Number of protein chains: 2
Amino acid sequence: MTAATLSQPSTVPVQFTPRPARGAPATLTTACSSCHLKELCLPCGMSGPTVDRLDGLRFARRRVKAGQPLYRAGDAFQFIYAVRSGTFRSSLAAADGREQVSGFSIAGELLGLDGLAQGRHASTATALEDAEICAIPYDHLMELSTGSPDLQKAVGRLMSREIVREHGLMLLLGSMNAEERLAAFLLNVSQRMKVRGWSPSEFHLRMSRAEIGSYLGMKLETVSRTFSAFVQQGLLEVDKRHIRILDLERLARTVESRVH
Amino acid sequence: MTAATLSQPSTVPVQFTPRPARGAPATLTTACSSCHLKELCLPCGMSGPTVDRLDGLRFARRRVKAGQPLYRAGDAFQFIYAVRSGTFRSSLAAADGREQVSGFSIAGELLGLDGLAQGRHASTATALEDAEICAIPYDHLMELSTGSPDLQKAVGRLMSREIVREHGLMLLLGSMNAEERLAAFLLNVSQRMKVRGWSPSEFHLRMSRAEIGSYLGMKLETVSRTFSAFVQQGLLEVDKRHIRILDLERLARTVESRVH
DNA sequence: CGTTTCCTTGACTGCCATCAAAAGTGGTGG
DNA sequence: CCACCACTTTTGATGGCAGTCAAGGAAACG
């Protein structure tokens with residue numbers, strides 16, 4: 001529920017893209033059932049036979065170089081993308097040119113679902129480091145799921161998951177102060193690292209202070225100051241973008257420490 | 001992308017509700033094709049034959065009294081709801097008990113899609129005035145759409161629309177000041193009124209200043225002050241919850257007037 | 001008619017944005 | 001190797017917007 005001028009990219013000159021195949025000219029094809037990321041991409045209770053069914057779906061793999069867009073706001077919606085490696089930043093542009101980061105995606109996560117509503121992507125997704133993705137043709141996925149209630153439900157859950165994710169961000173943006181925001185961000189990153197089998201207490205952030213700030217609704221200086229405050233409180237060790245969480249529990253309490 | 005503690009209602013004691021049929025014991029059933037709201041509920045390019053197909057779907061109508069919940073966070077997800085009349089407030093609860101309004105729904109709009117991801121609703125929907133809704137069994141809708149690519153796509157678009165809506169709210173919460181927020185809110189209400197054939201320049205708000213503030217991420221006093229400021233600037237006439245927009249265009253410029 | 005809830009307005013405070021400067025980092029080419 | 005540049009990050013000083021606390025009035029309710 002916001003002014004149309006904010007949420008619609010429709011005022012932007014349409015950039016229809018029969019996109020020059022960025023990266024690989026010959027696209028590899030892969031099968032989901034043999035992918036080592038399958039529990040991450042499709043964790044919504046998809047069981048054996050349903051995953052097998054997914055193998056009817058052959059999709060393209062593509063490389064995206066650091067700084068390159070995977071898709072842009074206004075691009076025609078064709079694919080949903082699964083990140084195989086690397087990190088992406090999704091951002092929204094307001095009518096006046098302001099831009100805001102709306103999310104980060106790492107290996108095993110999906111992006112691009114926002115394009116379905118309008119037939120065009122509402123956001124721009126940019127690689128923060130060299131990355132590799134699976135491009136899943138949405139039409140094809142729909143065909144496959146016709147007649148497969150399981151798959152159909154799984155796709156629905158994927159979309160709903162995105163809605164729930166944004167719910168959390170709204171809570172954050174609407175009612176938290178700087179320390180709570182950054183703590184929530186770090187805990188979230190930590191948990192996603194953990195799910196992937198990487199260390200939940202020590203990781204390398206791929207995004208700048210400014211990008212974190214844009215995502216969390218605060219200025220880059222405030223992000224930096226808040227990192228420093230956490231270090232002083234003994235919660236973190238920070239070396240530029242390398243983070244080590246020293247006291248996860250106290251960090252978690254920070255999020256809920258609305259004094260009032 | 002936020003801490004799990006924020007977005008998950010899973011820490012809340014499960015409130016499974018074989019809900020006492022609130023309202024009507026005997027549920028009326030209706031057909032979509034004869035509903036005067038059908039262009040509002042399902043505006044995503046659903047054409048004649050597809051709507052006819054919807055008529056295989058018979059669903060319950062239910063009345064909800066002002067102040068009563070339609071569903072609560074944690075309730076098992078069964079239905080998506082179409083508002084026939086009245087207004088609903090959706091709200092999220094953080095782990096520490098803080099609550100935040102995540103949206104308002106008026107006649108012709110859908111709600112409840114957030115429950116799909118977890119099989120339980122993530123938010124609570126409460127009637128702000130006496131209301132009437134259609135409860136559409138999600139399982140049944142899925143069955144119907146199996147074998148109907150059109151209907152399937154339409155459902156997908158509905159979900160995506162919700163994602164895009166939340167995008168707009170994120171932009172608002174992340175980067176606007178008080179005047180911009182309230183202006184964006186009023187413009188949004190105005191447009192939704194217009195779509196429904198009601199006056200876009202004069203309407204009655206069903207929610208309190210506190211609820212508007214919660215939704216926009218500001219305190220009720222600030223909402224009140226900002227209303228007063230708009231009145232002084234000659235943008236609005238305000239009589240409690242009755243609003244008349246005097247200068248829509250200048251109000252729209254307010255939203256984009258990031259001085260910067 | 002009393003009680004409660006909602007709204008408005010005022011005074012003060014505090015958090016974070018803004019402006020500014022300096023140090024650190026990485027890449028490029030002489 | 002080092003000079004040079006562009007960019008990121010950190011830290012300090014200051015100011016403004018909105019939060020907080022408080023009080024009074026208006027409307028709604030039982």
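Each chain gets a letter, A, B and so on, in the order the sequences are listed, and its residues count up from 1. From a predicted model like this one, the values you see are computed outputs, not experimental measurements.
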### Under 3.5 Å side-chain donor-acceptor pair for A:Asn177 and A:Arg181
no

### Interatomic distance, A:Asp239 CG vs C:dG24 P [rounded to whole Å]
13 Å

#### Entry: Results of side-chain hydrogen bond (donor to acceptor under 3.5 Å, both in side chains) for A:Ser91 - residues two or more places apart only
A:Glu99

### Query
In whole Å, what is the span from the CG atom of B:Leu182 to the P atom of D:dA18?
11 Å

### Query
B:Arg244: what forms a side-chain hydrogen bond (donor to acceptor under 3.5 Å, both in side chains) with it, not counting sequence neighbours?
B:Glu202, B:Glu237

### Salt bridge present between B:Arg62 and B:Glu132 (N-O < 4.0 angstrom)
no

### Summary
When rounded to whole Å, the CD to C1' distance for the pair B:Glu179 and D:dG16 reads 14 Å

#### Entry: Distance in angstrom units between A:Met176 CE and C:dC15 C1', rounded
17 Å

### Query
Roughly, in whole Å, what's the span from NZ in A:Lys219 to P in D:dT8?
15 Å

### Task
Name all residues meeting the side-chain contact (heavy atoms from CB on, under 4.5 Å) criterion together with B:Val195; count only those two or more places apart in sequence or in a different chain, and write none if there are none.
B:Leu40

### Query
Between C:dC16, C:dC7, D:dA18, which nucleotide has the shortest distance from any of its atoms to the side chain of A:Ala178?
C:dC16

### Query
Hey, are B:Arg253 and B:Glu249 close enough for a salt bridge, meaning a charged N less than 4.0 Å from a carboxylate O?
yes

### Task
Answer yes when B:Arg196 and B:Glu109 have at least one side-chain N-carboxylate O distance shorter than 4.0 Å, and no when they do not.
yes

### Summary
B/S/- along nucleotides 8-14 of chain C (protein heavy atoms under 4.0 Å) is BBBB---

### Query
Which is true for B:Gly217 with a 4.0 Å heavy-atom rule: it touches a base, it touches only sugar-phosphate, or it touches nothing?
sugar-phosphate

### Task
Report the end-to-end axis angle of the helix from C:dC1-D:dG30 to C:dG30-D:dC1; each axis comes from five terminal pairs, and the value is rounded to 10°.
40°

### Task
Let me know the distance between CE of A:Met218 and C1' of D:dC17, rounded to the nearest Å.
17 Å

### For atom CG of B:Leu173 and atom C1' of C:dC16, their distance in whole Å
17 Å

### Task
Give one of base, sugar-phosphate or nothing for A:Arg241, where a contact means two heavy atoms less than 4.0 Å apart.
sugar-phosphate

### Message
As an exercise, state the distance from CD of A:Glu211 to CG of A:Leu216, rounded to the nearest 0.5 Å.
### Response
12.0 Å

### Task
Please identify each residue that fulfils side-chain hydrogen bond (donor to acceptor under 3.5 Å, both in side chains) with B:Arg206, with sequence neighbours left out.
B:Glu129

### Message
Can you measure A:Leu216 atom CG to C:dC16 atom C1' for me and round it to whole angstrom units?
### Response
14 Å

